[in-house]
Amino acid sequence: MPPSIVSIVKNLLEVISTSRTMSQRKISLDVAFIIGAALSLGISEVHSLSIPFVKTAHRNVQTRTSWRHDRQHLQMLGGSQFYDARNGKMTGRTSSTSLKMTNTDDGSLQALFSSLCDRDGLMSKDALMNMEDMQDMMSEGDLLVEEFDDMWRRAPKFPDPSGNKNGSAQERIDVDSFIQVYRDIDDLFEDEDEDEDIIEAEETKLKASAEAAAPVKEHTSTDADDDDDDPNIAMDEEAMEEKFKELCDASGLLSKDALRKWEEIETLIEEGMLGDDEFKQLWESTNKRPGTNLLDVDGFLSFNVALDDLFVFEEIEAEEVDPKNAKMSTDTDADTRTVLTEYDLPPGVIFAAIANKNLLVGLEDLKYWGEVQEVLGSGDLGEDEVKDMFSKIPKAPGFPDQIDEIGFSLLYDAINDLFEEEEDEDERMNVDIKRKDDLLSMVRKIDEQSEIPCGLDCSEAAQNKVLSLVEEIEKSQSNVVINGNVDNAFLVGVWDLVYTSSGMMRFNQGLTGLGGSVPNGKFAGLKQKLSSTKYMADVEYIESISAVPDTSSFEATVTGDWTLKKSVSLLTGNPSLIMAIEPDLVKYGPTSTRADHWKSVRSMNLLDITYLDDDTRVMRGNTSTDTIFIFRRT
């Protein structure tokens, strides 16, 4: 090939490979054609130049390819409505627009936001910029600071009420704005897919040419290669991947609770071969899908590898035993075994400690089970009872008077059932009553010490105390939510809001925000009226605004619809009960306006009912679970 053509191709490749905007432009098809044509003619000079060119192009789009992969994963997770991110930090305010997002592809963006936002369910510019994805793209030059600043400037924001003394306040965004920023960034990469296809095709062609021109080297088998080619290992991985498909949810992810309910895990724990603390440690040490606390298929495989490492299996050649001549030598066992004195051990551990040389347990071997010997000695358990239970358990094959580990587990359960303690009903009720009294007493104390009702100006320490008391009352057996039989009729009536830790209500000094906008006015209380018929369910909020003089005081009302929804928690996988409210109109004095113009009224649009009895209702933010609302029936 003439040197002049080589020079032209070389200059062309060098100019494009050093271009700053290469990662934001499609690769020239003309250039790709030149490279391919030159390679097909066997021009080594062009081949040596084109390899680094394509590799450079590939590196320049890697960051955005990673972003797109994560975005596609989030879209795959979307589609489930009203998730209960119990450990998140996002407030429960949603508009009709955000609900539509949740129905499409943004449910997982809400979960991601909940893991990153602050206590008020908001996010600052610095927190958004410090996200790993943002830092990676900025460091690679794929996202410019000016582009990020422009996206931030366009996103709706909330001022921080705890701003500087000079009046300045740090701006923050809520989940709706967070999703908007995510979409703006995603729009930058709209044309990257085609870039990737062209780059990968050229790189594949170049590598193939290089391999064809390179001398063939003799392959030396290694242990690692053998492992990769081992069909048994491949079959094991395929089997585990099939098992993962059975256990995972519709999004292709696996929660801790779902993994704990896997039959293999339950069997290991029941037999004492795996402790709950070991399971928890394995879970915490396994890498999760970014932005979630859930396992993907790779995490599931890693978990099982770590689980296998806990066990050392030894192959033991079983000796044939003549059942007729088999006899337990208790004298020999007595020399090597000691009485097991520990309490509350799992049956698998006890069996391993007291089993005889045949790896079985007979009646005589029970003398090494110290806990049983103690209750026999106290008279709480009779020998005849033990013999009767032992006789009903299937015996090991070939040993008419001995049981294997499965049979011992049945004996363990039978003995344990005799001593199962049942909580006294009166005592249980007293515990539940005390939990409720403690919570309501704390709420009254906060009200007495505050200038604004419902805890809107209480301290953070008081909020933490209420949160801990709420966690206790939610465990009560009197909690109707636990039974799962709550319908609209149970909630119909008039309810007074007695406490809330909602950051939005604290900021607006009430539900509508009118209390802080009226001269000498302030929030004075809130009622919620719920009604329901066969065809509709209506809600009416009545907010009292006190002013000076009293004649200036007034009430504002917010009307709308409400529904109860049964859902599943995104984090725990447990069923949850959600009250969804769609505000319609806001009225005060002669003024009436649509509620979708009042963003402040969305603070109670989507809440989890976590405790409910005849006269008390506790609700948490659907995504910001530290946000509490406590209502008392009027």
Side-chain angles (χ1 to χ4, degrees), residues 80-96 98-99 101-102 106-123 158 161 172-179 293 439 443 454-456 458 460 462-464 466-471 473-474 481 491 495 497-508 510-511 526 528 539 541 562-572 574-583 599-612 616-631:
S80 297
Q81 300 184 48
F82 311 119
Y83 286 127
D84 172 19
R86 176 52 54 91
N87 295 317
K89 297 293 182 185
M90 184 173 64
T91 62
R93 53 183 172 183
T94 57
S95 64
S96 57
S98 65
L99 290 179
M101 293 177 184
T102 306
D106 293 297
S108 299
L109 283 178
Q110 291 185 359
L112 174 61
F113 181 85
S114 69
S115 66
L116 299 172
C117 65
D118 58 26
R119 181 185 182 123
D120 295 327
L122 301 173
M123 179 182 289
F158 288 85
R172 297 178 293 172
I173 60 174
D174 64 355
V175 63
D176 296 345
S177 300
F178 176 79
I179 292 174
N293 193 34
L439 174 62
V443 169
C454 303
L456 293 185
C458 70
E460 184 176 351
Q463 287 183 340
N464 292 334
V466 171
L467 181 60
S468 65
L469 292 173
V470 165
E471 291 172 351
I473 196 175
E474 288 171 344
V481 177
L491 292 166
W495 299 79
L497 178 68
V498 296
Y499 172 83
T500 182
S501 60
S502 167
M504 184 177 289
M505 285 196 65
R506 290 168 68 90
F507 176 75
N508 293 305
L511 178 64
L526 180 70
Q528 182 190 60
V539 61
Y541 293 107
W562 67 284
T563 56
L564 287 181
K565 298 177 180 288
K566 292 182 179 180
S567 185
V568 177
S569 168
L570 176 64
L571 298 182
T572 67
N574 296 328
S576 63
L577 183 65
I578 297 173
M579 176 180 282
I581 294 177
E582 187 69 28
K599 195 167 187 177
S600 61
V601 302
R602 302 174 188 171
S603 58
M604 286 189 278
N605 278 13
L606 198 65
L607 299 175
D608 283 348
I609 301 177
T610 58
Y611 176 84
L612 181 64
T616 303
R617 170 164 40 111
V618 177
M619 308 178 77
R620 289 178 180 258
N622 182 246
T623 49
S624 177
T625 55
D626 288 348
T627 299
I628 303 294
F629 293 86
I630 302 177
F631 288 89

Problem - Nearest-0.5 Å distance that lies between atom CD in Gln528 and atom CG in Leu511 - result: 10.0 Å

Exercise for the section: Could you tell me whether the side chain of Leu612 reaches within less than 4.5 Å of the side chain of Leu577, counting heavy atoms only? Expected result: no

Problem - Approximate separation, where rounding is to 0.5 Å, of Asn622 CG and Ile578 CD1 - result: 4.5 Å

Practice task
Mind running side-chain contact (heavy atoms from CB on, under 4.5 Å) on Thr623 and Phe113 for me, showing each step along the way?
Solution key: CA-CA 9 Å; Thr623 49; Phe113 181 85; over 6 Å; no

Exercise for the section: Side-chain contact test, heavy atoms from C-beta onward, threshold under 4.5 Å: evaluate it for Ile581 versus Tyr541 and give yes or no. Expected result: yes

Problem - Validation row: Leu497, Met505 side chains within 4.5 angstrom (heavy atoms) - result: yes

Exercise for the section: Could you tell me whether the side chain of Val481 reaches within less than 4.5 Å of the side chain of Arg617, counting heavy atoms only? Expected result: no

Exercise for the section: I would like to know whether Val443 and Leu469 meet side-chain contact (heavy atoms from CB on, under 4.5 Å); could you show each step before the answer? Expected result: CA-CA 10 Å; Val443 169; Leu469 292 173; over 6 Å; no

Handout entry: Side-chain heavy atoms of Tyr499 within contact of Gln463, under 4.5 Å
Key = yes

Exercise for the section: Measure the shortest side-chain to side-chain distance between Arg620 and Thr627 over non-hydrogen atoms and say whether it is less than 4.5 angstrom. Expected result: no

Handout entry: Interatomic distance, Met619 atom CE to Thr500 atom OG1 [nearest 0.5 angstrom]
Key = 10.5 Å

Problem - From Glu582 atom CD to Asn605 atom CG, the distance as rounded to the nearest 0.5 Å - result: 6.5 Å

Completion exercise
Correct closest heavy-atom pair for Leu456 and Gly510 would be CD1-N, 3.8 Å

Exercise for the section: Mind checking the CE-CG spacing from Met123 to Asp118? Nearest 0.5 Å is all I need. Expected result: 8.5 Å

Handout entry: Ion pair check, Lys599 and Asp174, cut-off under 4.0 Å
Key = yes

Exercise for the section: Check Cys454, Ser501, Ser603, Cys458 against Arg506 for a side chain to side chain contact (heavy atoms under 4.5 Å, CB included) and give me the one that passes. Expected result: Cys458

Practice task
Check whether any side-chain heavy atom of Tyr611 lies under 4.5 Å from a side-chain heavy atom of Thr616, and answer yes or no.
Solution key: yes

Practice task
Determine whether Met604 and Leu526 make a side-chain contact, defined as any pair of heavy atoms from C-beta on separated by less than 4.5 Å.
Solution key: yes

Handout entry: Asp608 side-chain N/O to Thr610 backbone N/O, donor-acceptor pair under 3.5 Å
Key = no

Practice task
Drop me the distance from Thr563's OG1 to Met579's CE, to the nearest 0.5 angstrom.
Solution key: 9.0 Å

Handout entry: Least distance between heavy atoms, Arg119 atom then Ser624 atom
Key = O-OG, 4.1 Å

